[in-house]
Asker: 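To start, I am sharing the structure in question, which I have written as structure tokens.
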Number of protein chains: 2
Amino acid sequence: MKQRITLKQIALAFNVSIATVSKALKDSHEISISTKQKIQEYALQHNYRPNRIALSLLNKKTKTIGVIMPSILNPFFVKTFSGIEQIANEKGYNVITIVSHGKLDKEIASVNMLENGLIDGLLISLSEETESKQHFKHLEEFIENAGPIVMFDRISDSVITDKVIVDDFNCAYKATEHLIKTGCKHISVVSTLKNVGIIKLRINGYLKALEDYKLPVNKKIITLIKPEYDFETEIKTMLDYQNVDAIIGLEEFSAVEAMVIAQDRGYTIPDDISIISFTSSDFFKYTKPSITCINQHSVFMGKTATEILISKIEQPQDADPVFETRTIKTTLIERNSTKPLVIK
Amino acid sequence: MKQRITLKQIALAFNVSIATVSKALKDSHEISISTKQKIQEYALQHNYRPNRIALSLLNKKTKTIGVIMPSILNPFFVKTFSGIEQIANEKGYNVITIVSHGKLDKEIASVNMLENGLIDGLLISLSEETESKQHFKHLEEFIENAGPIVMFDRISDSVITDKVIVDDFNCAYKATEHLIKTGCKHISVVSTLKNVGIIKLRINGYLKALEDYKLPVNKKIITLIKPEYDFETEIKTMLDYQNVDAIIGLEEFSAVEAMVIAQDRGYTIPDDISIISFTSSDFFKYTKPSITCINQHSVFMGKTATEILISKIEQPQDADPVFETRTIKTTLIERNSTKPLVIK
DNA sequence: CTGAAAGCGCTTACAG
DNA sequence: CTGAAAGCGCTTACAG
């Protein structure tokens, strides 16, 4: 690999100053047409490209945003990322992605590492540990020193910034209500996440629906399974010892695994047990039966978060900081893992 | 947001030179302990972080790599990306990701855009259009001007650089052989991709297996469906007018869609029709029946490609360029969409 | 032990 | 019409 050509080299080639070359390549009216012509031609021939790093240093803008997510092997984050990438690209921004793997220290290290002029702003969805330990200093420092942050999905109310969320309370409510209206009375909630705000909201929505429809709460079928426990054992135990006629899976994995376990134990879906899943993937139309789900429109969430971030980056420095929290609507997609509506 | 603190400001605060501050923060033995102490403390308090852009300009290394892929909404690329991110992070590199959406012009624009000092090297999986039009000038230019490239999965033999691939010929051969040994004779191949090297290799592997086992080739059941055609119609037509007792899906979507369509038409899987899919996702264990597949170990592919790229980036400039092509082994995972082995 | 200088690649206000 | 100078934030070889 030979070195990239620079203004200096072009200047040398024509025995003019670097400033002249710079202006010529910008087609400045200050420079004579003949000079511009020969310089431009030479630059083209030699594949000149302005060094972006030098420009970043000059402008104090890198036209790059950062994205920190707990995982990338999860359809929700993949789709959100896809939305982020689309908008960033449209607006001429590059995207640097870091996965926190649910770990606070990884998240802190990543945020700190990006706090050095590399990016103009940050999109972040908090790691589980960050939420459970309620540690946000790294984020506040970033906002203080480096640039705007937009939080998406896994957010914290303690951090004052822009946020994009799903209406978790309401969509859990709707899912529960749907099951109730199809005749279910013993509705279980299953998740592999626990100390995460969105999970709490979903459970609250579920509880509210039970309350509104005057159904009793059975805490033993609210099954939040810690990573160190065996998912299959927990679900089997619940199915064997509790009365369950519906399961709401709070993420893809929980729903489909629970369904398979129930089927293995001889339950018919949806007649014996109905299933609803939160999801961002289209895959659930291919299971047998296909699974009814709450679609979170995660591509749109990614797009929205990125639009907000870039508008914050590009707004004048002295603008009043006004923060907003945008809520993305969800859709219930009825498929074959739930029974037809009976009430109303 | 207040401005990040710089060496200049620290220097000002203590009335010393910028050079002194720089050395003090590096704990240089040239600087007196007392000076170092006060400067280090001040820097810590004020959250000083060396500006990475300035360092990049100085060192001509950005510690950032680029990744260009045709898609991110595809389990294969998601998993590969996950492997890339892991290794890059371990080695202290950032990752900038761009999706080409299968378009040559998007790919060219992306490569050009990254050819300006922003990244130290590039990982790329070619877009469909790049392969079909056999246009590689942008890649050669990048290598010439900007840094090393490692191609993965969708590669081209015309570009002289490092490559990481799946043994597509052999694994298609193995899949076909497996079907033959379970008693299938009319084996169809279905794909939504066409002018892509890996697809051609897979088809060649398939044809070789038919030849070796002395089975006739029926070109009408090699179904490569262009995006402008309707997948469902094409599959239905094939099932209705051709004799088919097995389907090899060359990507996730093709396999699962074909299976669902066959089931809807009353075929039993695997008794009437067996299914094997190429895949990178675990999802196929949840379909009914679960789908036998060729696992491409894509996380490993991503890791391998990144290791090669970083070693190329970090090797001395004057090292002899030796290029390698690494082949990732695949595994056949038997599930319930294929019959038990009958021969041998 | 400390600092001035040159330089990474660029831009722009200013002088000539 | 062209160029010298200053500067973005940093490092390092060299001088004092």
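A, B, ... follow the sequence lines: proteins, then strands. Residue 1 opens every chain. What's counted below: heavy atoms across the whole structure, side chains too, no hydrogens, waters or symmetry copies.
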Asker: Verify, without hydrogens or angle tests, whether Asn112(A) (side chain) and Ala109(A) (backbone) share a donor-acceptor contact under 3.5 angstrom.
Answerer: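 The answer is no, because no donor-acceptor pair under 3.5 Å joins these two groups.
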
Asker: Donor-acceptor pair, Asp162(A) side chain versus Glu324(A) backbone, under 3.5 Å?
Answerer: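 Such a contact is found between Asp162(A) side chain and Glu324(A) backbone.
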
Asker: Can Leu73(A) and Val78(B) be said to form a side chain to side chain contact (heavy atoms under 4.5 Å, CB included), step by step?
Answerer: CA-CA 7 Å; Leu73(A) 298 175; Val78(B) 172; 4.0 Å; yes

Asker: May I ask you to say what Tyr48(B) touches in the nucleic acid, namely base, sugar-phosphate or nothing, with a heavy-atom cut-off under 4.0 Å?
Answerer: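 Sugar-phosphate contact only.
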
Asker: Any base atoms under 4.0 Å from Leu58(B), or only sugar-phosphate, or nothing? Heavy atoms, all strands.
Answerer: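 It contacts base atoms.
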
Asker: Let's go through Leu55(B) and Lys63(B) carefully: what are the C-alpha distance in whole Å and the side-chain angles of both, what is the deciding distance for side chain to side chain contact (heavy atoms under 4.5 Å, CB included) to 0.1 Å, and is it a yes or a no?
Answerer: CA-CA 10 Å; Leu55(B) 290 178; Lys63(B) 281 274 191 174; over 6 Å; no

Asker: Looking at Glu129(A), is its backbone amide N or carbonyl O close enough to the side chain of Lys103(A) to form a donor-acceptor pair, meaning the two atoms are under 3.5 Å apart?
Answerer: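 Side chain of Lys103(A) to backbone of Glu129(A), a donor-acceptor pair under 3.5 Å: no, none is there.
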
Asker: Taking for each residue the nucleotide of DNA chain C with the nearest heavy atom, is it Ser17(B) or Lys8(A) whose nucleotide lies nearer the 5' end?
Answerer: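 Nearest nucleotide further toward 5': that of Ser17(B).
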
Asker: As a quick check of understanding, evaluate side chain to side chain contact (heavy atoms under 4.5 Å, CB included) for Phe77(B) and Arg154(B), giving each step before the final call.
Answerer: CA-CA 11 Å; Phe77(B) 289 115; Arg154(B) 305 203 185 161; 3.9 Å; yes

Asker: Do any N or O atoms from the side chain of Gln134(B) and from the backbone of Glu131(B) form a donor-acceptor pair under 3.5 angstrom?
Answerer: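 Yes.
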
Asker: What integer number of Å spans the P atoms of dG7(C) and dA4(D)?
Answerer: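 The same atom, P, in both gives a distance of 15 Å.
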
Asker: With heavy atoms under 4.0 Å as the rule, sort Ile53(B) into base, sugar-phosphate or nothing.
Answerer: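 Here Ile53(B) touches no strand at all.
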
Asker: Going 5' to 3' along DNA chain C, which nucleotides are the first and last within contact of chain A (any atom under 4.0 Å from a heavy atom)?
Answerer: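 That gives a stretch of dC8(C) to dC14(C).
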
Asker: Stem list for DNA chain D, please, built from Watson-Crick and G-U wobble pairs under 3.5 Å and keeping only runs of at least 3.
Answerer: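 Detected stem regions: C:1-3 with D:14-16, C:5-12 with D:5-12, C:14-16 with D:1-3.
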
Asker: By a strict heavy-atom criterion of less than 4.0 Å, which residues belonging to residues 113-122 of chain A are in contact with DNA chain C?
Answerer: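 Those residues: none at all.
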
Asker: Distance-only, no hydrogens or angles: does the Glu128(B) side chain make a donor-acceptor pair with backbone N or O of Val196(B) under 3.5 Å?
Answerer: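 No, the answer is negative, given that no donor and acceptor are paired below the 3.5 Å cut-off.
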
Asker: Mapping Thr20(B) and Asn59(B) onto DNA chain C by nearest heavy atom, which one lands closer to the 5' end?
Answerer: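 With Thr20(B) and Asn59(B) compared, the 5'-side residue is Thr20(B).
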
Asker: Exactly one of Ile308(A), Asp153(A), Thr325(A) should register a side-chain contact (heavy atoms from CB on, under 4.5 Å) with Lys163(A). Which one does?
Answerer: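 The side-chain contact (heavy atoms from CB on, under 4.5 Å) with Lys163(A) is passed solely by Thr325(A) among Ile308(A), Asp153(A), Thr325(A).
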
Asker: Give Thr35(A) one of three labels, base, sugar-phosphate or nothing, depending on what nucleic acid heavy atoms sit under 4.0 Å from its own.
Answerer: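 Answer is sugar-phosphate: Thr35(A) comes under 4.0 Å of backbone atoms only.
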
Asker: Using 0.5 Å steps for rounding, measure from the CG atom of Leu57(A) to the CG atom of Leu57(B).
Answerer: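 That separation rounds to 6.0 Å.
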
Asker: Apply the side-chain contact (heavy atoms from CB on, under 4.5 Å) test between Thr306(B) and each candidate in Leu123(B), Val95(B), Val67(B); give the one that qualifies.
Answerer: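 Of Leu123(B), Val95(B), Val67(B), side-chain contact (heavy atoms from CB on, under 4.5 Å) with Thr306(B) is met by Leu123(B) alone.
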
